[in-house]
Amino acid sequence: MRGTKILLGVTGGIAAYKSAYLARELVRAGADVHVVMTEAAAEFVQPLTFSALTRHPVALEMWHRDQSTESEIGTRHIHLATWCDIMLIAPASANTIAKVAHGLSDNLLTVLALACRRPLVVAPTMDADMYLNDVTQQNLGVLRQRGVDIIPPAIGEHASGLMGPGRLPDVEVIIEFVRKLVDGRHEDLRKKRVLVTAGPTYEPIDPVRFIGNRSSGKMGFAIATAAAKRGADVTLVTGPVHLETPRTVDRIDVETAHEMHRAVLAAAKKQDVIIMAAAVSDYRPSKPSGQKMKKMSAEAALDLHLVTTPDILAEVGRVRRRGSVLVGFALETENALENGRAKLTKKQLDLIVVNAATKDNPVFGSDRNTVAFIDHAGHVDELPAMEKIEVAHRLLDRIVALRA
Ligand SMILES: Cc1cc2nc3c(=O)[nH]c(=O)nc-3n(C[C@H](O)[C@H](O)[C@H](O)COP(=O)(O)O)c2cc1C
């Protein structure tokens, strides 16, 4: 951890006193630690404790009456968000978790959490009933979807006498979690430009109906989340989905294959890595009706005339930068590897991710996936079933290796 700049956020809970020990151990491990506290946290522990342990003043007040140095005026409230390598909120109260999940920023800690583009780690700490409450779980779910790392709380007896989850884990566990993040693979795409597509496309039949598919966008969003965590500047072009935008990712929403085509081609030339995970419709109605189509008599059949949509992957292959890595996805219901290999060659991809949609691997909407990677040399790597976020990291590991 030598030289790692850690912004430690402390919120109001009994476990705030343990953060003093956490701060001391982080400093002993070689980290440079700044502490930001909420007003409630300062009811539990004196800021002086933290400033003595970290040898830095504690950030507490958003409104400074003194005018400090000229360079700090007007920016002091966000300075620490750009200074740090990692922001760790431990303990994180239910209140602060709710605020961070919804973008509220009414104190210095939440302002910094909102402004911080570095990895954000949260250690939820509260009574078991507060932790297990649906609303807290939903808020944690929102954070997780955005790519925030959640340290699972320890289970045991609380100060209130309740038994259950919600205790701050041992300081050693928290430090190990942070150490893994710092040592880990998250910086191996630092400043690399990564374009990811996700979700389905909707091709209008009339103003209210469309041809679409069952893609949830989860795989593409997981890739965007993982790439952002590994330091990449990520652009995510997505069809209609119900997912939170991962932290620090630039999101472009599109609806049709044509819109996706335009957005992707506008961005493709600048990218170091392009990962096309969207399930783009191959066909669209040739002449969508301007008005809602009326139902005809019971016996009448409706014929829709369909035409092909642009082949985005093939066009990206033609315009992409030399040296960039292009990855495609193939969803197959039969002969998955064979069809994947054919697509890899035809579209001149560096790598293809093959999903076989079966009863055991539903792919769409699921948080898990079973995939195989095929590279341009024909090597096949079949992975066991795993969380989509882990698939995303494995894919990025392969891409990093290809770039090297
Ligand atoms: C004695 C005491 C202990 C508390 N412990 C916790 C706790 O462990 N976790 C929590 O989420 N809230 C706890 N609270 C409630 C928070 O302090 C309260 O929600 C506060 O508004 C949190 O503010 P903050 O998120 O700005 O720090 C406790 C309150 C009291 C009085």
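Remember, predicted model here, so these are calculated numbers, not experimental data. One is the number of the first residue; the rest follow in order along the sequence. Counting starts at 1 for both ligands and their atoms, following the listed order.
Between H56 and W83, the angle of the ring planes goes over 60°, which puts this pair in the perpendicular group of the 30/60° scheme.
Residue K99 has no nitrogen or oxygen atom sitting less than 3.5 Å from a nitrogen or oxygen atom of ligand 1, judged on distance alone.
The atoms of ligand 1 that sit less than 4.0 Å from any heavy atom of T11 are 27 (O). Near M126, meaning under 4.0 Å from one of its heavy atoms, ligand 1 places the atoms 7 (C), 8 (O), 9 (N), 10 (C), 11 (O).
At distances below 3.5 Å, at least one donor-acceptor pair connects side-chain atoms of S19 with backbone N or O atoms of A90.
Atom CD of Q291 has 12 or fewer neighbouring heavy atoms from other residues, nucleotides or ligands inside a 6.0 Å radius. Under a cut-off of 6.0 angstrom, the local environment of CD in Q137 is crowded, with over 12 non-hydrogen atoms contributed by other residues, nucleotides or ligands. In this structure, R117 places its CZ atom where only 12 or fewer heavy-atom neighbours from other residues, nucleotides or ligands lie under 6.0 Å away.
Looking at E176 and R179, a side-chain N of the basic residue comes within less than 4.0 Å of a carboxylate O on the acidic one, giving a salt bridge.
Among L344, L313, L395, the single residue meeting the side chain to side chain contact (heavy atoms under 4.5 Å, CB included) criterion with V327 is L395. Residue F373 is tested with L383, V380, I352 for a side chain to side chain contact (heavy atoms under 4.5 Å, CB included); the sole match is L383.
What sits closest to atom 6 (C) of ligand 1 on the protein, heavy atoms only, is G13 CA, 3.6 Å. With respect to atom 30 (C) of ligand 1, the closest heavy atom belonging to the protein is F44 CZ, 3.7 Å. Scanning the protein heavy atoms around atom 20 (C) of ligand 1, the nearest turns out to be A40 CB, 4.0 Å. The single protein non-hydrogen atom nearest to atom 18 (C) of ligand 1 is G12 O, 4.6 Å, given as residue, atom name and distance. Among protein heavy atoms, atom 19 (O) of ligand 1 sits closest to N95 CB, 3.9 Å. Taking atom 11 (O) of ligand 1 as the reference point, the nearest protein heavy-atom neighbour is A94 N, 2.7 Å.
When non-hydrogen atoms are compared, ligand 1 lies under 4.0 Å from the side chain of M130 (C-beta onward) but not from its backbone. Contacts of T96 with ligand 1, taken as heavy-atom pairs under 4.0 Å, involve both backbone and side chain.
Here the shortest heavy-atom distance to atom 7 (C) of ligand 1, taken over T136, V100, T125, belongs to T125.
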